[in-house]
Every structure is written in structure tokens, then in C-alpha cells.
Amino acid sequence: MRYTTAHWGIYEVGQGAKGPRLMPFRDDPDPSPIGLHQLAPELMATRVRRPAIRRSWLEDGPGAHPERRGREGFVEVSWGEATRLVAAEIDRVRKAHGNEAIFGGSYGWASAGRFHHAQSQIHRFLNTLGGYVAHRDSYSLGAARVLMPHIVASMDELMKDHTSWSVLADHCELFVAFGGVPAKNAQIAAGGVGRHQVRAGLRAMAQAGVEFVNISPVADNLDTSGPVEWIPMRPGGDTAMMLGLAFAIREAGVHDVAFLERCCVGWPLFEAYLTGRSDGTPKTPEWAAALCGVPAERTRALAARMASKRTMINVAWALQRADHGEQPFWMTVTLAAMLGQIGLPGGGFGVCYGAENTMGTPHAKLRGPSLPQGRNAVRAFIPVARIADMLLNPGAPFRYNGGDHVYPDIRLIYWAGGNPFHHHQDLARLDKAWQKPETIVVHEQFWTAAAHRADIVLPATTAMERTDISYATLEGMLVASTPVIEPVGEALDDYEIFRRIAAHSGCEEAFTEGRSADDWLRHLYDVMRQSWSAEGVELPGFDAFLEAGAIDLSAHDTPRVMLSAFRADPDAAPLPTPSGKIEIISDTIAGFGIADCPGHPVWLEPVEWAGAEAAGRYPLHMLSDQPARRLHSQLDPSPYSLAGKVDGREPIYMHPQDAADRGLSDGTTVEVFNDRGRCLAGLRVSGDVMPGVVRLSTGAWYDYDADTGVERHGNPNALTADRPSSGLSQGCTAQSCLVEVRAPVDPVEAHRAFVPPAFA
């Protein structure tokens with residue numbers, strides 16, 4: 001059997017009447033349909049087929065007419081000319097400005113393969129040339145990745161240690177989810193899903209009698225095939241409600257004082273804040289109700305249930321992609337600590353079930369193969385969501401995780417893997433910032449908005465055209481991904497592109513170490529094979545692995561309970577925090593002196609709420625969640641993604657009363673707007689969205705019409721704020737966004753998001 005792997009899972013390769021076809025992995029109980037469409041003609045029509053240079057850059061050189069990026073055509077050239085130009089431009093920038101003038105952009109899900117992983121490839125290449133400005137953290141977890149190591153452990157370690165679904169079914173009695181457990185998000189894993197488990201895990205829990213409470217602005221993000229209590233809550237009010245729950249638990253005297261003393265630090269100081277002794281404001285459920293919209297009596301009733309049952313508290317990643325996003329995660333840990341169930345089977349907290357398929361797996365923690373990236377000699381970096389700030393404000397200071405830093409002056413952006421005009425906020429601002437560099441080079445498979453706005457576009461192959469080793473830690477499958485089709489047009493894999501540029505730059509040997517792509521695959525596999533053997537897992541030789549196609553590792557499964565060893569003996573198994581315990585109060589963070597992230601969890605009003613005028617003009621809170629029919633913006637032109645659109649545009653969901661108040665009807669095109677921008681979307685009227693909230697998923701390919709100032713396809717990041725969550729993490733705040741919705745004020749035109757540029 002031949003296989004290929006994508007983030008959505010393993011797919012079997014067969015032969016259809018019109019050529020190769022993809023089929024679901026037969027051992028997957030809940031396969032994702034998204035990846036079945038990777039060969040769709042609609043998608044192939046958007047492929048980058050030959051190296052292309054923006055006309056003005058080719059004719060007049062670096063820095064020529066950057067305002068035309070995204071607005072003028074390209075000239076296709078040979079690979080020889082393209083790689084020579086790229087090598088010469090890198091050399092020019094390095095000599096004139098140093099390596100600190102190069103930003104190595106690679107953010108996104110790239111490839112599920114371990115060798116043909118764009119981020120690894122570009123970082124190895126640029127390090128070979130002396131380094132580059134890198135980014136830290138992620139848009140998905142910007143606030144949590146900085147916060148959690150201070151108070152519990154790194155997000156990577158916590159994600160690998162989540163209590164297994166089978167343990168939850170056997171021991172959990174009450175599952176309280178802030179933001180649901182969206183199975184649509186769990187269609188994916190960074191290295192490729194082995195077997196999808198979230199739907200079955202939730203269903204088994206429901207059948208075992210576990211009670212579910214979904215505290216969320218939307219009702220349809222937690223499906224157990226059984227009853228779920230929905231508590232509608234104002235977006236941004238999570239921390240307030242958690243404080244109200246904590247107050248009620250403490251007021252009833254049912255908090256676990258012994259656990260707080262044995263396993264935590266800082267409870268007495270936080271208790272003073274919670275009760276109002278330190279600031280004069282008791283954080284009662286009545287106080288919380290005015291902020292989160294949940295009636296006080298409902299909060300008190302839920303607090304009593306949580307204290308009387310084995311309770312798992314789950315928090316969605318979306319909650320920390322917001323103003324002061326650190327606070328709901330810190331309060332989740334604090335609330336779970338008060339219940340004293342952290343480390344017990346079925347109790348504690350999750351961060352978060354449903355964000356990826358991986359959380360809750362019982363599979364062995366085995367490290368997969370990784371291409372060595374070398375050492376980056378450039379120390380300058382940015383938090384990933386601050387790219388527009390960096391480009392617009394070279395030399396300006398910024399704070400990050402207690403340190404003081406300065407934005408570098410970027411002259412060259414080299415991007416491979418990902419699409420910044422999908423995941424960044426306030427895309428009009430990014431468009432302006434994108435004019436600052438003298439040269440932008442991208443490796444791209446499709447004519448995305450980022451490719452349209454580049455100076456040099458180099459066509460890269462997809463996973464459908466490459467041999468690779470596919471493996472995701474905790475997914476339980478090792479797969480030999482084989483080519484399904486020949487490379488489209490003149491596309492090359494990233495390794496070969498970088499090899500050719502390195503040859504022009506005189507560093508081919510340093511980059512390749514004398515190895516071909518096939519040599520590297522064999523080398524990485526052999527290193528992994530030796531490493532796994534030491535862990536008691538024996539693998540066949542590389543050729544036998546290719547012949548087998550897939551190796552099932554589930555024989556090594558061991559159900560786990562998160563933080564169980566720490567709970568059993570905090571001294572023998574301390575946490576990697578300064579105290580070795582859970583830090584309800586962090587002296588480290590307090591010592592940073594950050595006004596919008598003090599030393600313990602607090603209620604801080606979202607910046608977007610401030611000002612009655614703004615709330616009056618834009619009364620709807622817009623959620624920009626992950627789409628159900630693609631991963632971020634990947635495969636948006638595919639038939640499966642297109643089938644979910646409304647008249648060709650991304651759907652926006654609105655409560656029936658809100659639609660009626662505005663005279664809007666289901667299925668019509670609407671305009672969503674605020675002071676940052678305007679976009680068109682297709683209206684879907686739904687009672688699953690609470691009043692005062694609209695939901696517009698991310699991932700519609702950005703299509704900005706410069707003549708009208710309207711984004712025509714339904715990309716919510718035309719409206720979101722490019723504002724840091726706090727001075728601690730500098731994470732993104734996409735979920736803190738107020739808008740209004742109306743009938744379009746300009747004539748509605750078809751979007752052009754999937755149309756390739758003009759060529760000379």
C-alpha cells in the first residue's frame with residue numbers, strides 16, 4: 001500500500017479513471033475529508049509553475065516601486081536566472097547591511113514531512129550564510145507559550161502530557177470547557193494525524209455518564225452525541241467568570257487548602273485579591289456577571305458542582321489570542337489548583353483538548369527526525385505577531401518576557417512555508433509595512449496573497465510530489481510518504497532550491513554536507529532508528545520502511561494522567577518553575593513590572609471594550625475561529641472549501657435577532673466593518689451564536705480591492721487589531737475585535753482571490 005500524509009491525516013494512494021486518487025486511511029475511525037482534495041483541478045489552477053520576478057524589481061532593481069507589490073504583473077524566468085538573482089541579492093544585503101537585515105520568515109504549517117519541512121530548510125540555509133532575524137512563539141499560542149513556563153511548564157510539555165481520553169471516560173465526572181472542544185480544529189496535527197480520536201473520546205465520555213458544560217459565545221463547538229449544557233458568555237469575559245467561580249468555591253470553604261499549600265506558591269496573596277482585601281473589590285459572581293454576562297446564580301451553581309465532582313477544566317487556545325490573553329490561562333490553572341484535582345485521573349486542567357488531535361493520546365513520546373539547522377549567529381528576533389511593528393518601526397524598543405529589545409532594520413524578507421496575509425492581523429497595516437523591505441523572496445506552491453506581494457516567487461513542490469518521512473510525536477504512526485504526481489510545472493522542492501542558491505553563494509557543501517535529498521532521508525531515518533532502539537522501539541531498515549509504507553506504534557501505548565508524578569511527590573518530581581511548584585503568584589513576572597500583566601491572575605478590561613463610543617458604533621463582537629473545511633488558508637480553492645462558502649464568500653454567522661434588527665437575511669452578501677477595514681461575507685443566520693456576537697472563520701484568501709477599500713472574500717483579518725496581548729508576551733489579539741454588519745454600500749463584485757497575476 002502506498003501512502004501520503006498531510007496535517008489532516010494519512011491518505012492511501014490509489015488509481016482512478018483520471019489518474020491518482022486519494023482515499024482515507026482505512027484504520028482511521030474518523031478521517032478528515034479535507035486532504036482528499038489535494039489534487040483537485042481547482043487547486044491546481046492556482047499553482048506557481050515557473051520562477052517569476054515582479055516587473056519593476058526585475059527592470060529597476062531592489063527597492064523599485066514597492067507600492068506596486070500585489071498590484072503589478074510578473075516576468076517568468078529560468079531557474080538559473082532566478083537563483084542567481086536571489087544569491088546576488090542576499091550577498092548585496094549582507095555586505096551592505098549585515099545579516100541582521102534579513103528576516104527569515106517561515107511561519108505556518110508547511111509540510112507534514114520531516115525533511116521537506118520549509119521552516120527547517122530555510123533556517124538551515126540562512127544559518128549557513130551567517131544567520132537571520134528569527135521569530136519566537138506562534139500566533140496560535142503567543143501568550144500561553146510565554147506565560148505557562150513561568151507558572152507550570154512549557155506548552156509543548158503540557159500538550160504531550162494531557163490526560164488520555166480513556167482515563168477521562170473512566171474517571172471524569174464533570175468536564176467544563178471554556179471555548180468548547182471543537183472537533184473541526186482537531187482534524188489536524190503538526191506532523192500529520194495518525195488516527196482521529198476526539199469525536200470518539202468525547203462520545204465515550206458521554207456514554208460513561210460524564211457531564212459536559214460548554215461556556216462559550218457559540219454552542220456548536222462541543223459535540224458529544226449527548227447532552228451538553230451551554231452557558232453563553234460574552235467574549236473576553238472568561239477571566240471574570242473564572243474569578244467568580246473561584247470566589248464562590250472559596251466562599252463555600254470547599255477549596256483544597258492542603259493542595260494549595262503543598263503544590264502551589266502564592267495562594268494567600270491571590271486570596272487577598274480574590275476576596276477584595278487587597279483592592280477593595282471582591283470578585284463575587286455578581287461582580288463577574290456584569291462583565292461576562294453569566295447570571296450570578298448560574299455561576300454559583302456551577303462552582304458547587306465543580307467542587308463536588310471529579311472535574312476537568314479545559315480552556316481553548318482562542319482565549320489567549322485576545323487582549324490580556326495570559327489571564328484566562330493563568331486563572332484556569334489557579335481554579336484547577338483550588339479544586340485540588342491536578343494530577344488525579346480525570347481531574348485538573350487541559351490546554352486544550354480539541355486544539356489538535358494530539359491532546360489526549362496514549363501514544364509513546366518518541367522524538368521524530370529533524371533536519372539540523374545549525375547555529376544562528378544573529379541574536380535579534382521578534383515575537384512572531386510583531387512583524388508589521390518591526391517593518392514600520394526599525395530601531396524602536398520593545399519588551400518581551402521581561403527583556404528589553406530593539407526592532408532590527410529589515411531590508412530583505414525571505415519566506416518559505418506559510419502565508420503572512422492569512423495569519424497576521426490588520427492586513428491593511430501589514431500591506432503598508434510590506435512596502436518597507438527592498439526585496440521579498442518567497443517559495444510558494446500557490447498564487448496566494450503573499451506570493452502576489454513578493455518580488456521573487458520560486459515555485460515549490462507540495463507533499464504530493466515528494467518522498468518524505470511523516471511522523472508526529474504522540475500520533476502513533478510512522479509513515480513513508482511517497483510521490484503521488486510528478487512536480488507541477490517547473491516546481492522544485494525547497495532543499496533543491498536552496499542547494500542551487502547555495503551553489504551560487506559558494507556554500508553548497510556547508511548546506512548539503514554532500515548529501516542528496518534521498519541521502520538525508522536515509523540519514524535522518526537511521527538517526528531516529530538508533531534513538532528509538534534505545535527507547536525499546538525497534539524499526540526496520542530504511543528500504544524495508546519504504547516497502548512497508550506505514551508502521552503502527554500503538555503497541556507502545558500507555559495511558560497518562562497529566563502532572564500525576566508532580567502531585568504524588570512535588571519534591572521528587574518538581575515542575576520546571578522557579579519554585580518547582582505551581583505559581584499562582586509569580587515573583588518573576590511581578591519583577592518585570594509590566595502594568596498589563598502583573599504577578600498573579602487578574603481581571604483587566606479588554607482594550608477593545610474601552611470607550612462607550614467604540615462599543616456603540618461597533619456593537620458586535622467578531623470571533624475569527626479556525627475553519628471547518630481547511631487548515632488555516634490551506635486548500636481554500638479546493639471544492640471542499642468552496643462548498644462551505646456562501647455565493648463564493650466565507651460565511652459569517654449571526655444570531656437571528658441581530659439579523660432581524662439589521663434587516664438582513666440568510667444567504668445574502670453583507671459588509672462587515674470597523675475603523676480598521678471592510679470585508680464582504682455571506683450571511684448565515686444561526687441560533688448557535690449568542691446575540692451580540694458574529695463568527696467569521698479565518699483562511700479565506702485575502703482579496704483587497706484598492707479602488708473601494710473592501711476585502712471581497714471574507715478574510716476577518718481585514719478587521720482584527722494588530723495589537724499585542726500584553727507587554728509580557730506580545731501575542732496576537734485577533735479574538736478581541738468589535739464590528740458592525742450591514743448591507744454592502746458599494747456594488748458587489750466577484751472576488752479575485754484565486755486568479756494568478758498577469759505575466760509578461
Side-chain angles (χ1 to χ4, degrees), residues 62-63 66 69 86-108 110 117-139 142 145-146 371-421 423-425 429-430 432-443 450 453-456 494 498 501-502 505 507 511 722 724 729-732:
R69 289 180 180 136
V86 172
E89 178 59 2
I90 293 173
D91 186 59
R92 180 191 73 84
V93 171
R94 291 173 64 211
K95 288 179 178 177
H97 307 287
N99 283 69
E100 196 168 299
I102 300 172
F103 181 69
S106 182
Y107 181 82
H117 180 247
Q119 188 169 107
S120 299
Q121 294 285 348
I122 188 174
H123 292 172
R124 178 180 175 84
F125 170 73
L126 292 176
N127 284 338
T128 301
L129 290 170
Y132 62 99
V133 173
H135 75 257
R136 292 190 184 175
D137 307 321
S138 69
Y139 284 83
R145 283 197 180 277
V146 177
L371 179 69
Q373 297 177 23
R375 175 182 173 272
N376 188 353
V378 173
R379 310 322 303 161
F381 71 93
I382 62 166
V384 66
R386 305 273 58 83
I387 182 172
D389 285 356
M390 172 186 70
L391 296 175
L392 291 170
N393 304 291
F398 71 92
R399 298 203 72 194
Y400 170 79
N401 203 12
D404 294 310
H405 306 276
V406 174
Y407 288 124
D409 186 2
I410 298 299
R411 305 304 180 99
L412 168 65
I413 291 178
Y414 202 134
W415 206 285
N419 176 8
F421 283 87
H423 52 251
H424 197 68
Q425 282 66 61
R429 183 172 187 258
L430 180 62
K432 179 181 178 182
W434 214 242
Q435 298 177 26
K436 161 65 171 58
E438 295 161 2
T439 300
I440 298 173
V441 182
V442 302
H443 294 194
R453 288 164 172 77
D455 298 311
I456 301 176
D494 296 296
F498 286 129
I501 298 170
S505 301
C507 61
F511 176 69
D722 187 11
S729 69
Q730 302 284 342
C732 83

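The residues of the chain are indexed from 1 along the displayed sequence. Please read these numbers as outputs of a predicted model, since none were measured by experiment.
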Item to check | Test log, rule side-chain contact (heavy atoms from CB on, under 4.5 Å), inputs Q373 and Q121 | outcome: CA-CA 7 Å; Q373 297 177 23; Q121 294 285 348; over 6 Å; no

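- Here CD of Q119 is found 12.0 Å from CG of L371. Values are rounded to the nearest 0.5 Å.
- Shortest non-hydrogen contact noted between S106 and A118 is OG-C, 3.9 Å.
- In this structure H443 satisfies the ring pair (Phe, Tyr, Trp, His ring centres under 6.0 Å) test together with Y414, F498, sequence neighbours excluded.
- A pairwise comparison of heavy atoms in R453 and I440 identifies O-CD1, 4.0 Å as the closest pair.
- Within the 4.5 Å cutoff, side-chain heavy atoms of I387 are placed close to those of F103.
- Counting only heavy atoms from C-beta outward, the side chains of D494 and I122 never approach each other to under 4.5 Å.
- The salt bridge (charged side-chain N to carboxylate O under 4.0 Å, His left out) pairs that include a residue from residues 372-389 are R386-D389, R386-D722, D389-R429, where partners are two or more places apart or lie in different chains.
- Counting only heavy atoms from C-beta outward, the side chains of I102 and V378 never approach each other to under 4.5 Å.
- Separation of atoms CD (Q435) and CG (L430) is listed at 10.5 Å; rounding is to 0.5 Å.
- Taking all atoms of both residues into account, the shortest heavy-atom contact from W434 to P420 is CH2-CG, 3.8 Å.
- Residues satisfying the side-chain contact (heavy atoms from CB on, under 4.5 Å) test with N401, not counting sequence neighbours, are V146, H150, F592, L728.
- Applying the side chain to side chain donor-acceptor pair (under 3.5 Å) criterion to E89, with sequence neighbours excluded, gives R92, T439.
- F511 and A502 get closest at one heavy-atom pair: CB-CB, 4.2 Å.
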Item to check | Steps toward side-chain contact (heavy atoms from CB on, under 4.5 Å) verdict (H97, D409) | outcome: CA-CA 9 Å; H97 307 287; D409 186 2; over 6 Å; no

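- Using a 4.5 Å cut-off on side-chain heavy atoms (C-beta onward), P408 and M390 make contact.
- Remark: A385 engages Y139, C732 in a side-chain contact (heavy atoms from CB on, under 4.5 Å) (not counting sequence neighbours).
- With sequence neighbours excluded, no residue forms a side chain to side chain donor-acceptor pair (under 3.5 Å) with N376.
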Between side-chain atoms of residues 129-137 and protein atoms elsewhere (two or more places apart, or another chain), which donor-acceptor pairs fall under 3.5 Å?
unit_1 : atom_1 : unit_2 : atom_2 : d
Y132   : OH     : H123   : ND1    : 3.3
D137   : OD1    : Y400   : OH     : 3.4
D137   : OD2    : Y400   : OH     : 2.6

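- Under the side-chain contact (heavy atoms from CB on, under 4.5 Å) criterion, A396 pairs with N393, Y407, not counting sequence neighbours.
- Nearest approach of A87 to S505, heavy atoms of both residues: CB-OG, 3.6 Å.
- Annotation: the span from T128 atom OG1 to I501 atom CD1 amounts to 12.0 Å, rounded to 0.5 Å.
- Pairs passing the salt bridge (charged side-chain N to carboxylate O under 4.0 Å, His left out) check and including a residue from residues 97-108, sequence neighbours excluded, do not occur.
- The side-chain heavy atoms of R69 and P437, taken from C-beta on, include a pair separated by under 4.5 Å.
- The backbone N or O of P724 sits nowhere less than 3.5 Å from a side-chain atom of Q730 that would complete a donor-acceptor pair.
- Between the OH atom in Y107 and the OG atom in S138 there is a gap of 4.5 Å [rounded to 0.5 Å].
- To the nearest 0.5 Å, atom CD1 of residue I410 and atom CD of residue E438 are 11.0 Å apart.
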